[in-house]
S.K.: 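The structure's right below; bear with me while I get my questions together.
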Amino acid sequence: MSSTANRHMPSLAEYEPIVGRSAIEDLRALVTRLAGQRVVMVNSTRAGGGVAEILSRMVPLLNELGLRVRWEVIEGSEPFFAVTKKLHNALHGKPEVITPEVFELFLEVGRRNAARLAIDDEVVFIHDPQPITLVEKRQAHPASRWIWRCHLDVSRPNRAVWSFLEPFILKFDAAVYSSAAFAQQIPMRQMLIAPSIDPLSEKNRELTPEEIAAVLHQLGVPQDRPIVTQVSRFDDLKDPLGVIDAFLRVRRSMKCQLVLAGGSASDDPEAEDVLNRVRERAKGNPDIHLLMLPPDSHLEINALQRASAVIVQKSLKEGFGLTVSEALWKARPVVASAVGGIPLQVKHRYSGLLVHSVEGAASAIKQLLNNADYAKRLGENGREHVRQNFLLTRHLQDYLLMVLTLGSAEDVVYLKG
Ligand code: UDP
């Protein structure tokens, strides 16, 4: 079941009833100051994971606003993405063995992509470390402005990896992080811009109970008992085994079922191994549904989130954690680890429950399953918090303002000169 075929791409005017007319007018006013500029977004995958999710929604709207925005994806072999995954983990502080060959392959693939991609746009956004070496190309276009949009928490990185990347990072005009807590001490302009979700996308739009029931039926998830769900790539840092362990504790005393819905991103080679371990842990338990979904399963994820009594995000490390905003926007009660950007979204006992362990997660899930009024209140607060802070229109505004503050090419020369 795929939801891509007849996906409706909403126009800006359709956001007005959700965010108010002035938010849309502000965007139109801002963009006149950047009229005609060409912007390119570069990342490492077109589908799977939060960055691709955001770009797929943001690029069409920026074009509608009048900027000329394209989206390029770097190409790499399987070993390259094994390397970038290692670097990703190491930047998150996970112990990894990084050999000189790892860095060499990273540079080699970077050179090949630099030769393949024409980048002569006025504004260049490089998302995350994978395409970072493309910044070498800016010498050919001194008037361009380059932004490193880092979606990771690099506050406690593996030092060798950071030292390797830092000379590239310093060549950008600005580094943008999702949270103040993610940044590094580096002598350059650093900015904070939280990511966002699109309330009108197939993943987040309102669904009727009939639509939800039809999807759950097709996925083989019965609605006869409460559903506890985690939506995440099968990645150890998302702790799917911990989710199962927490669920098993809850299940001892309560009738409920667990859905682990995930897929893999094309830039994530570890998923298969993680999934095998998850299958082993869940083996034979009729209350645990493991759903391997194709990357365009937006409607399916939407319906699963809406059908859930509790949504869990038990990550060990996290970037921003878009799945949390997705759940809160649906006014679902959330139990989530206090890592990465999650505490920006979940205020403990106000818009969800923050936890630090398997036991803590189990007890929070039980509390919410047992107390429907409290769960409902947390969910409603969460929805309002997302409306105010984490919707796409706010994100577009922040990006436009940032580009404006970086100034025009002449300003940059003047400031430097
Ligand atoms: N997602 C998806 N299919 C999956 C798993 C995740 O579409 O099988 C989506 C999820 O709904 C969210 C994004 O991928 O929009 C994950 O973003 P997040 O920031 O939570 O984590 P990341 O994968 O970027 O670490």
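Along the sequence shown, residues carry numbers from 1. Treat the numbers as computed from the prediction; the structure is a model and nothing was measured. Note that ligands are numbered from 1 as they come in the structure, with each ligand's atoms numbered from 1 the same way.
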S.K.: Hey, is ligand 1 close enough to Lys203 that some N/O pair sits below 3.5 Å?
M.R.: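 N/O-N/O distance under 3.5 Å: yes.
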S.K.: Would you mind telling me which of Arg252, Arg251, Lys255 makes a salt bridge (charged side-chain N to carboxylate O under 4.0 Å, His left out) with Asp287?
M.R.: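 Output: one option passes, namely Arg251.
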S.K.: About how many Å separate CD of Glu53 and CD1 of Ile301, when rounded to the nearest 0.5 Å?
M.R.: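 It comes to 7.5 Å.
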S.K.: Any idea how His151 and His127 line up, ring-wise: parallel (<30°), tilted (30 to 60°), or perpendicular (>60°)?
M.R.: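 Rings of His151 and His127: parallel, under 30°.
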S.K.: Considering the heavy atoms of Thr323, write down every atom of ligand 1 situated less than 4.0 Å from one of them.
M.R.: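 In order of number, 10 (C), 12 (C), 20 (O).
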S.K.: Would you call Lys283-Glu280 a salt bridge at under 4.0 Å N-O?
M.R.: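 Looking at Lys283 and Glu280, the cut-off is met.
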S.K.: Please could you name the atoms of ligand 1 that Gly263 approaches to less than 4.0 Å, counting only its heavy atoms?
M.R.: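 Numbered from 1, ligand 1 contributes 4 (C), 8 (O).
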S.K.: Under 4.0 Å from a heavy atom of Glu326: which atoms of ligand 1 are those, numbered in the order shown and with their elements?
M.R.: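 In order of numbering, the contacting atoms are 10 (C), 11 (O), 12 (C), 15 (O).
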S.K.: Below 30° counts as parallel, above 60° as perpendicular, anything between as tilted: where do the rings of His88 and His92 land?
M.R.: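 Perpendicular.
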S.K.: Could you tell me whether ligand 1 has any atom less than 4.0 Å away from a heavy atom of Gly262?
M.R.: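 Under 4.0 Å: yes for Gly262.
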S.K.: Given that the side chain starts at C-beta and the backbone is N, CA, C, O, which of these parts of His298 lies under 4.0 Å from ligand 1, counting heavy atoms, or is it both or neither?
M.R.: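 Near ligand 1, His298 shows nothing, with every heavy atom at 4.0 Å or more.
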S.K.: Is it the side chain, the backbone, both or neither of Gln313 that has a heavy atom closer than 4.0 Å to ligand 1?
M.R.: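 The answer is neither; Gln313 stays 4.0 Å or more away.
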S.K.: I'd like to know if the side chain of His385 pairs up with that of Asn389 as donor and acceptor (distance under 3.5 Å, no hydrogens or angles considered).
M.R.: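 The answer is yes; a qualifying pair exists.
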S.K.: Which of the numbered atoms in ligand 1 are below 4.0 angstrom from a heavy atom of Ser232?
M.R.: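 Checking each atom against Ser232, I get 5 (C).
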S.K.: Gly50 versus ligand 1: do any nitrogen or oxygen atoms come within less than 3.5 Å of each other?
M.R.: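 Yes.
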S.K.: Considering only heavy atoms of Arg233, which atoms of ligand 1 have at least one such atom less than 4.0 Å away?
M.R.: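 Numbered from 1, ligand 1 contributes 5 (C), 22 (P), 23 (O), 25 (O).
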S.K.: With a 3.5 Å cut-off and no angle check, do the side chains of Ser232 and Gln313 form a donor-acceptor pair?
M.R.: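 Yes, Gln313 and Ser232 have a side-chain donor paired with an acceptor closer than 3.5 Å.
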S.K.: Compare every heavy atom of Glu64 with every heavy atom of Pro10, then report the nearest pair and how far apart it is.
M.R.: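 Minimum heavy-atom contact is O-OE1, 4.2 Å.
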S.K.: So which bit of Leu322 gets within less than 4.0 Å of ligand 1, heavy atoms only: side chain, backbone, both or neither?
M.R.: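 Both the backbone and the side chain of Leu322 come within reach of ligand 1.
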S.K.: Strictly under 4.0 Å, does any heavy atom of Gly321 approach an atom of ligand 1?
M.R.: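 Right, Gly321 reaches ligand 1.
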